[in-house]
Amino acid sequence: MEAGAIHAGALAHDEPHEHHGPPPANRSSRVDPQTLGMMLFIISEVMVFGAFFTAYFFIRIVSGDPWPAPGMHLPVAVAGVNTAILVSSSFTLHYAETSIKAGNRFGLRAGILATFLLGLTFLFVQINEYVHVGFAGHDSAQASVFYGLTGLHGAHVAVGLTLLATVTIRSFRGHFSAESHRGVDVPGIYWHFVDIMWIVVYTTVYVL
């Protein structure tokens, strides 16, 4: 009797425990959660930029107001050089990403540091442009949209630089490898988005 009870207890112990709580998440996508989260965040940011571009196109197309406003001079050449600086940072970032995937930590460090310095240069030039541009946001609707669009993008650059600074510090501490580099890839997606958005902003605000 006692042996049977012990045997039954052993069988009960060997049985798998019943799962309590919510079921495990169903991952039907091959995209990892961090990358997917960044992509969804970028989509929301595109909508924010879209609101500012709506105001821009309303002024130029619906209202038919001149762009830029009379007496409002935009430094197209300086912004063009600044655009080249920011776009080049995407290439250095790509070099850093491909380097770490190949196990080249020196290439990662050089590429990510160059990307950070180029982004910092871009932001410095933009702030200097605000100081010397010669008009304020309250001068006209066109000036408000100019500061709104470029300032919104500048804020995104500042956030991107914070991410790049973190990646740079971690890369010099040897935190990444050919097998583990998501901490480089996800901030990289954001920085490429920042670069692409500036091309759109520069083209619409300064060139067209």
Side-chain angles (χ1 to χ4, degrees), residues 19-54 56 82-126 148-205:
H19 175 76
H20 296 283
N26 178 25
R27 292 188 59 187
S28 58
S29 173
R30 294 184 180 180
V31 181
D32 60 87
Q34 293 85 352
T35 302
L36 181 60
M38 178 58 74
M39 297 298 293
L40 293 175
F41 173 73
I42 287 174
I43 291 173
S44 69
E45 292 305 288
V46 169
M47 297 174 67
V48 174
F49 274 98
F52 282 83
F53 278 112
T54 299
Y56 166 82
N82 216 18
T83 300
I85 292 173
L86 191 62
V87 170
S88 63
S89 71
S90 271
F91 291 97
T92 55
L93 176 59
H94 178 70
Y95 172 73
E97 292 170 332
T98 54
S99 294
I100 192 58
K101 291 176 183 178
N104 180 5
R105 289 186 173 180
F106 174 80
L108 166 67
R109 293 166 183 166
I112 205 69
L113 180 59
T115 304
F116 176 80
L117 293 177
L118 287 169
L120 192 63
T121 302
F122 172 88
L123 192 60
F124 174 79
V125 173
Q126 186 175 18
L149 269 172
T150 58
L152 177 66
H153 181 268
H156 282 75
V157 172
V159 173
L161 286 174
T162 304
L163 297 176
L164 288 176
T166 303
V167 176
T168 302
I169 294 171
R170 293 186 63 192
S171 66
F172 275 89
R173 291 182 177 178
H175 287 189
F176 305 113
S177 64
E179 295 76 24
S180 177
H181 47 76
R182 187 177 296 130
V184 179
D185 296 338
V186 176
I189 295 173
Y190 180 83
W191 190 254
H192 288 306
F193 158 72
V194 169
D195 288 3
I196 293 172
M197 281 308 307
W198 176 251
I199 294 175
V200 178
V201 171
Y202 172 73
T203 303
T204 54
V205 173

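It should be emphasised that the depicted structure is a prediction, and the values quoted were computed from it without experimental measurement.
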When every non-hydrogen atom of S177 is compared with those of I100, the smallest separation belongs to O-CG1, 3.6 Å

Please confirm whether H153 and F52 have ring centers closer than 6.0 angstrom. no

Minimum heavy-atom separation for K101 and A178, please, with both atom names. O-CB, 3.6 Å

For E97, give me all partners under side-chain hydrogen bond (donor to acceptor under 3.5 Å, both in side chains), at least two apart in sequence or on another chain. none

Test side-chain contact (heavy atoms from CB on, under 4.5 Å) on W191 and V157 and set out the steps. CA-CA 8 Å; W191 190 254; V157 172; 4.0 Å; yes

Taking side chain as C-beta onward, heavy atoms only, is L161 less than 4.5 Å from F122? no

Step through the shown structure and confirm whether more than 12 heavy atoms of other residues, nucleotides or ligands are within 6.0 Å of NE2 on H94. no

To the nearest 0.5 Å, tell me how far L93 CG sits from Y190 OH. 13.5 Å

Would you say T166's side chain and T162's backbone share a donor-acceptor pair under 3.5 angstrom? yes

All heavy atoms of V167 vs all of G183, minimum pair found to be CG2-O, 3.4 Å

Interatomic distance, CG@L113 vs CG@L164, rounded to 0.5 Å, equals 10.5 Å

Calculate, to the nearest 0.5 Å, the distance between atoms CZ and CG belonging to F124 and N82 respectively. 10.5 Å

Between atom OG1 of T115 and atom CZ of F91, what is the distance when rounded to the nearest 0.5 Å? 11.5 Å

Report the residue from F41, F49, W198 that forms a ring-ring contact (aromatic ring centres under 6.0 Å, His included) with H156. F49

To the nearest 0.5 Å, tell me how far L108 CG sits from T168 OG1. 8.5 Å

Side-chain (Y56) to main-chain (L149) donor-acceptor, under 3.5 angstrom: no

What is the distance from atom CZ of F116 to atom OG1 of T121, rounded to the nearest 0.5 Å? 9.5 Å

If you look at every heavy atom in L118 and I85, which pair is closest and at what distance? O-CG2, 3.4 Å

Okay, side chain of S89, backbone of G119: is any donor-acceptor separation there less than 3.5 Å? no

Treating T203 as the side-chain partner and V200 as the backbone partner, does any N or O pair qualify as donor plus acceptor under 3.5 Å? no

Where at least one partner belongs to residues 161-189, residue pairs that pass salt bridge (charged side-chain N to carboxylate O under 4.0 Å, His left out), sequence neighbours excluded: D32-R182

Under the side-chain contact (heavy atoms from CB on, under 4.5 Å) criterion, do D195 and V87 qualify, and how do the steps go? CA-CA 6 Å; D195 288 3; V87 170; 5.6 Å; no

